[in-house]
Protein chains: 2
Amino acid sequence: MLNSAAFKAMAHPVRRDILRRLRAGPLSAGELAESYSMSKPSLSAHFNSLRAAELIFATREGNRILYSLNVSVADEVVSAVMELFGVDPETQRAARGEHVQDS
Amino acid sequence: MLNSAAFKAMAHPVRRDILRRLRAGPLSAGELAESYSMSKPSLSAHFNSLRAAELIFATREGNRILYSLNVSVADEVVSAVMELFGVDPETQRAARGEHVQDS
DNA sequence: AGAGTAATTAGGTTTTATGCTAAATAGCGC
DNA sequence: GCGCTATTTAGCATAAAACCTAATTACTCT
């Protein structure tokens, strides 16, 4: 089952933004850092928080460190939130504006 | 769009448990409190946190105060988390073990 | 090896969160 | 009004989160 650390990690807007950006593919610490008006060490702490929750993982690429989204944990989080609020898939599809033909 | 307060509210295990329990219907502060080894004032602070995020709302019932899940905000949270991780509905349905017939 | 670049860890401060006890508020029933 | 029950607000202590600068580590290139 899902760790409480994942929910804590999602509590900060910068960390949520990092997750959103990593959806598209890995980015280095520096590339990520450019977008935020925050010191690199502070960003690094956010990476640690996300890494502790296993929402992201790091790989070294020569000089730089690349961060990637951990897709399987991301999916677990989505499922956990759906369970939390008792959303059934039909309801969710409707909420997203998709419709089924009235019989 | 969705408030950051909702994510903060979900960061605490007791608050998540409260949300889970309110899925089934309204409960009073006292009924909720029975389950946790925590003082009532501390629980009350958790209610405030959930209320500030509009994830729950309170109605007075005589002597007691009933808390209810705010379903529309709950749905917004689910959508926000799905957007965050870029889950498309098809993928999500598959992750939940539902299958479509191979054509 | 030494200089340069990328990113972290160390150490410290400030703010926010989480918990407590004691006191206050709100409604109920006599 | 008074006592009882339910719950909150007030006030306070401690723990955790979030930020900073300075120093360190890890790698590349000449």
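In what follows, chains carry the letters A, B, and so on, assigned in the order in which the sequence lines appear, proteins first and then strands, with residues in each chain numbered from 1.
Minimum atom distance to the side chain of A/Lys8 is reached by D/dA17, of the listed D/dA17, D/dT8, D/dC19. Closest to the side chain of B/Phe47, from the set D/dT8, D/dT7, D/dT21, is D/dT8.
Rounded to a whole Å, the CG atom of A/Leu43 is 18 Å from the P atom of D/dA17. Rounding to whole angstrom units, CG of residue A/Asn48 and P of D/dA18 are separated by 12 Å. Atoms CD1 (A/Ile18) and C1' (D/dA18) sit 13 Å apart, rounded to a whole Å. B/Lys40 places its NZ atom 6 Å from the P atom of D/dA6, with the value rounded to the nearest Å.
Centroid-to-centroid, the aromatic rings of B/Tyr67 and B/Phe57 stay 6.0 Å apart or farther.
The shortest distance between the side-chain N/O atoms of A/Ser42 and the OP1/OP2 oxygens of D/dA18 is not below 4.0 Å. Contact check, B/His46 against D/dT7: no side-chain N or O comes under 4.0 Å of OP1 or OP2.
Residues A/Phe7 and A/Leu2 have side chains in contact (heavy-atom distance under 4.5 Å, counting atoms from C-beta outward). Counting heavy atoms from C-beta outward, A/Leu27 and A/Leu66 have side chains that stay 4.5 Å or more apart. Using a 4.5 Å heavy-atom cutoff, the side chains of B/Pro26 and B/Glu61 are not in contact.
The residue B/Tyr67 sits close only to the backbone: its heavy atoms come under 4.0 Å of sugar-phosphate atoms, none of a base. Note on A/Ser28: only backbone sugar-phosphate atoms sit closer than 4.0 angstrom, heavy atoms only; bases stay farther off.
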message = Counting primed atoms plus P, OP1 and OP2 as sugar-phosphate and everything else as base, spell out the protein contacts along nucleotides 24-30 of chain D at 4.0 Å heavy-atom distance: B, S or - for each nucleotide, 5' to 3'.
response = --BBS--
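A/Arg15 places a side-chain N or O within 3.5 Å of a backbone atom of A/Ala9 that can act as its donor or acceptor partner. At distances below 3.5 Å, at least one donor-acceptor pair connects side-chain atoms of B/Asn70 with backbone N or O atoms of B/Glu54.
Residue B/Ala6 comes nearest to B/Val77 through the heavy atom pair CB-CG2, 4.0 Å, listed as atom of the first residue, atom of the second, then distance.
Put simply, chain A comes within 4.0 Å of DNA chain C, heavy atom to any atom, from C/dT5 to C/dT9, going 5' to 3'.
The pair B/Arg23-A/Glu83 counts as a salt bridge, with a side-chain nitrogen and a carboxylate oxygen less than 4.0 angstrom apart.
From A/Leu43, atom CG reaches atom CD of A/Glu34 across 11.0 Å, with rounding to the nearest 0.5 Å.
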